[in-house]
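Remarks on the structure that follows.
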Amino acid sequence: MLLNNNQATLKKVETGNNMQAFENQQSYSGYTWRMRKADDRLVQVLARQNNISETVSRILVSRGITPETAEAFLHPTLKKNLPHPFTLKDMEKAANRMADSIMAKEPIGLMGDYDVDGATSTASLKLFLEDIGVNVLTFIPEREDGYGPNTAKMLAFQQAGCHLIATLDCGMTAFEPIDTGTKSGLDILVLDHHDADIKGLPNAYAVVNPKRLDESLDHPCRHMAAVGVVFLFIVALNAVLRARGFYQTRPEPNIKRFLDLVAFGTVCDVMKLTGINRLLVKSGLQQMRLGENIGLNALAQLVNLAEAPSTYHLGYVFGPRINACGRVGSSDIGMRLLSSHDFMEAHLLAQKLEELNLLRRDIEADVLLSAIEQVESKPLETPFIFVKGDAWHQGVIGIVAGRLKDKYNLPVFVLSIEGDEVKGSSRSVQGVDLGTLIMNALSRGILTRGGGHPMAAGFSLKKDKLEAFYTYLTENIPADKKTDRLMTLDIDGLIDLHGLTRELAEDINLLAPFGEANPEPVFAIPNVSVARITLLKNGHISCILTNQSGDSVQAIAFRAADTEIGNRLLTTRGDVFHVAGILRQDHWRGRDKIQFQILDLMAA
């Protein structure tokens with residue numbers, strides 16, 4: 001039963017199987033379980049002040065939410081919490097320059113990145129401009145073209161009559177192409193969110209980026225995805241056009257309808273779902289339920305989505321399909337889908353993305369196997385993983401880096417060698433800032449190109465610089481990361497099966513949307529047995545968790561068949577476990593049940 005609350009307790013159960021016992025042993029996955037801490041007094045204050053359960057209050061307090069910030073976290077609104085776009089440097093200048101082109105009825109060129117953030121950034125600005133009658137030309141580079149603005153395409157845009165080009169989710173370190181474009185007479189707007197280079201800003205007409213070195217470190221927009229920056233630019237541009245009387249002869253577009261794309265790009269670029277990002281994603285998911293974006297509707301039909309989309313669907317169902325075209329196909333298919341005005345076209349594009357995603361999975365599996373063999377063929381002597389292969393497909397090395405990071409809990413660098421050229425992708429763990437690491441290597445001349453975020457980055461270098469890059473990483477990644485490999489699973493509460501109720505699931509949903517920096521609450525359940533075990537498609541394992549009191553709950557472990565957790569579940573003979581996982585409402589095909597997603601198992 002539940003303690004201290006008629007729904008759930010997040011305090012330690014005072015029995016022989018309390019949280020201290022969990023913390024003193026290792027799970028079958030190699031994790032130790034660690035209870036999140038919360039000040040009891042603040043828990044009570046927050047619960048009373050916001051009329052929420054103690055369960056929700058304790059989770060909020062354990063994640064740094066205070067009585068002063070709780071209202072903005074639980075009930076953010078665009079009207080109250082959206083930052084004024086002109087607080088970003090160059091925003092007003094950029095908006096006025098694009099308004100000049102619109103008023104002059106000139107075509108405008110858009111250049112985006114080939115990932116989901118780039119596709120959603122380009123699609124949202126394209127849709128807005130088309131709504132108000134602008135002729136828009138777009139370009140998404142192929143991976144072989146390299147990341148960022150392309151000089152030849154810029155000049156081609158100019159020949160097509162464009163005097164203005166906006167680079168979206170790229171351009172911050174594209175010094176040479178932007179300088180060439182500017183000197184040829186183009187006005188270039190950089191709308192980006194990647195780390196700035198210590199050399200300064202590119203020679204553009206305007207640079208809007210919350211990570212400019214002259215922006216405040218505590219600017220509320222600092223951790224936005226590029227699509228968030230683009231949305232604020234649309235807000236600013238719309239305001240400028242309104243002030244100029246542009247809408248006196250035409251209807252003003254509803255710019256809230258682009259929030260679904262903002263949510264999509266923000267989640268898939270793994271931005272922190274706190275502050276402004278949480279507001280944008282929460283609002284975007286609400287917008288997505290209206291079904292106004294034809295491309296997103298086509299994706300939902302493709303995957304037979306029978307429930308309201310969540311951050312899970314954006315990140316793990318829709319996202320890989322959009323990313324697939326930038327990895328193994330024509331990189332602009334995703335952007336074309338998300339900005340489509342015709343459902344038949346959108347349906348065909350979605351189907352093409354599905355085919356590319358299946359191909360991507362096969363290629364990824366081959367590269368991942370080769371990388372794992374390389375890692376485990378010799379003792380690990382560095383505080384990071386560094387693997388390379390001849391002609392590894394550049395479109396999957398980022399995914400492989402993520403898989404290796406999850407497997408080894410270390411920063412990972414995966415490099416593909418083609419002749420004299422090397423391209424790489426990296427993923428990190430807490431404590432190692434890849435964005436800074438890569439930018440410093442670039443400034444030292446070790447890399448030819450590079451950029452990214454603290455947790456993910458891409459780069460290029462010459463083959464003869466491989467040893468220098470490896471040495472640089474060895475000297476600049478803290479050695480203690482090599483020994484800091486003990487993995488921990490943060491537990492939000494200890495509960496028994498009787499406490500897993502629909503009411504608790506609804507309480508937890510107040511904390512959604514979940515994602516980076518706001519993970520779904522994880523509960524530990526002591527002393528359960530497993531029954532009715534079924535191996536499902538794709539390695540999922542379905543089962544029933546039961547206890548000695550006769551309580552039970554439906555549970556599932558996703559893609560677990562080839563893991564130690566799966567092995568324990570499939571071979572159990574009445575064993576008793578402690579289980580850690582996530583409580584979710586199951587709405588699949590109209591059902592209204594609760595389901596426990598198993599994340600980890602520990603011997604009882």
Side-chain angles (χ1 to χ4, degrees), residues 22 25-33 303-307 310-313 315-317 320 357-358 361 364-365 368-369 372 399 402-403 406-407 409 487 489-492 494-502 504-505 508 514 519-548 550-604:
F22 291 161
Q25 62 178 312
Q26 201 170 62
S27 74
Y28 291 125
S29 298
Y31 284 81
T32 57
W33 298 359
V303 300
N304 298 314
L305 186 63
E307 57 187 301
S310 67
T311 52
Y312 169 81
H313 299 108
Y316 296 99
V317 180
N357 193 44
L358 293 173
R361 288 179 183 175
E364 174 199 328
L368 179 60
L369 181 60
I372 291 174
I399 303 176
R403 304 275 191 235
D406 292 341
K407 181 177 178 66
N409 194 37
M487 298 182 291
L489 178 64
D490 287 325
I491 303 295
D492 290 279
L494 185 62
I495 194 171
D496 70 12
L497 290 179
H498 183 71
L500 298 179
T501 64
R502 185 180 291 107
L504 176 58
I508 292 170
F514 299 114
E520 284 188 78
V522 176
F523 295 95
I525 310 173
N527 302 318
V528 295
S529 299
V530 183
R532 299 186 200 172
I533 305 160
T534 305
L535 181 60
L536 305 175
K537 184 180 178 181
N538 296 323
H540 307 325
I541 298 175
S542 174
C543 63
I544 302 291
L545 301 180
T546 65
N547 62 15
Q548 290 184 337
D551 302 311
S552 64
V553 70
Q554 179 70 44
I556 191 166
F558 290 114
R559 300 188 183 278
D562 296 328
T563 68
E564 186 59 26
I565 291 175
N567 178 57
R568 296 288 176 171
L569 290 173
L570 293 171
T571 60
T572 181
R573 295 292 184 269
D575 297 332
V576 179
F577 302 106
H578 304 318
V579 183
I582 296 167
L583 179 65
R584 286 183 175 156
Q585 293 173 286
D586 181 10
H587 298 301
W588 177 249
R589 299 190 185 280
R591 289 186 298 222
D592 185 20
K593 299 180 179 179
I594 59 170
Q595 184 181 71
F596 194 76
Q597 180 188 338
I598 298 173
L599 299 179
D600 205 1
L601 286 178
M602 184 180 288

Between [X] and [Y], what is the shortest heavy-atom contact and its length?
X    : Y    : value
A505 : Q585 : CB-CG, 3.5 Å
P526 : A524 : CD-O, 3.9 Å
W33  : L601 : CZ2-C, 4.1 Å
A603 : Y28  : CB-OH, 3.3 Å

Inset, instruction - Check salt bridge (charged side-chain N to carboxylate O under 4.0 Å, His left out) between E364 and all other residues, then give those that pass, not counting sequence neighbours. - result: R360, R403
Inset, instruction - Taking side-chain contact (heavy atoms from CB on, under 4.5 Å) as the test, write out the residues that go with S310, two or more places apart. - result: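 In terms of side-chain contact (heavy atoms from CB on, under 4.5 Å), with neighbours along the sequence ignored, S310 is linked to Y312, H313.
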Inset, instruction - Could you tell me which residues satisfy side-chain contact (heavy atoms from CB on, under 4.5 Å) with D406, sequence neighbours excluded, listed by chain and number? - result: none
Quick one: side chains of residues 529-545, donor-acceptor pairs under 3.5 Å with protein atoms, not counting sequence neighbours, listed by atom name and distance.
unit_1: H540; atom_1: ND1; unit_2: R559; atom_2: N; d: 3.0
unit_1: S542; atom_1: OG; unit_2: Q554; atom_2: NE2; d: 2.8

Inset, instruction - Kindly state each residue pair satisfying side-chain hydrogen bond (donor to acceptor under 3.5 Å, both in side chains) with at least one member in residues 562-572, sequence neighbours excluded. - result: E564-R568
[Y] side chain reached by [X] side chain, heavy atoms, under 4.5 Å:
X    : Y    : answer
N527 : Q548 : no
I508 : F523 : yes
I495 : L504 : yes

Rounded to the nearest 0.5 Å, how far apart are [atom1] of [X] and [atom2] of [Y]?
X    : Y    : atom1 : atom2 : answer
F577 : M602 : CZ    : CE    : 12.5 Å
T32  : Q26  : OG1   : CD    : 7.0 Å
I491 : H578 : CD1   : NE2   : 11.5 Å
R584 : E520 : CZ    : CD    : 4.0 Å

Inset, instruction - Show the numbers, then the answer: is there a side chain to side chain contact (heavy atoms under 4.5 Å, CB included) between I556 and F558? - result: CA-CA 6 Å; I556 191 166; F558 290 114; 3.6 Å; yes
Legend entry - side-chain hydrogen bond (donor to acceptor under 3.5 Å, both in side chains) partners for S27, two or more places apart: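 S27: side-chain hydrogen bond (donor to acceptor under 3.5 Å, both in side chains) contacts with D600.
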Inset, instruction - Using a cut-off of 6.0 Å, state whether more than 12 heavy atoms not belonging to Y316 lie near its atom OH. - result: no
Legend entry - Intermediate values then yes/no, side chain to side chain contact (heavy atoms under 4.5 Å, CB included), Y31 and L599: CA-CA 11 Å; Y31 284 81; L599 299 179; over 6 Å; no
Inset, instruction - Keeping the roles fixed (side chain from N547, backbone from V528), state whether a donor-acceptor pair exists under 3.5 Å. - result: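 Here the side-chain-to-backbone pair does not exist.
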Inset, instruction - For the pair D490 and V522, evaluate side chain to side chain contact (heavy atoms under 4.5 Å, CB included) and give the outcome as yes or no after the intermediate values. - result: CA-CA 7 Å; D490 287 325; V522 176; over 6 Å; no
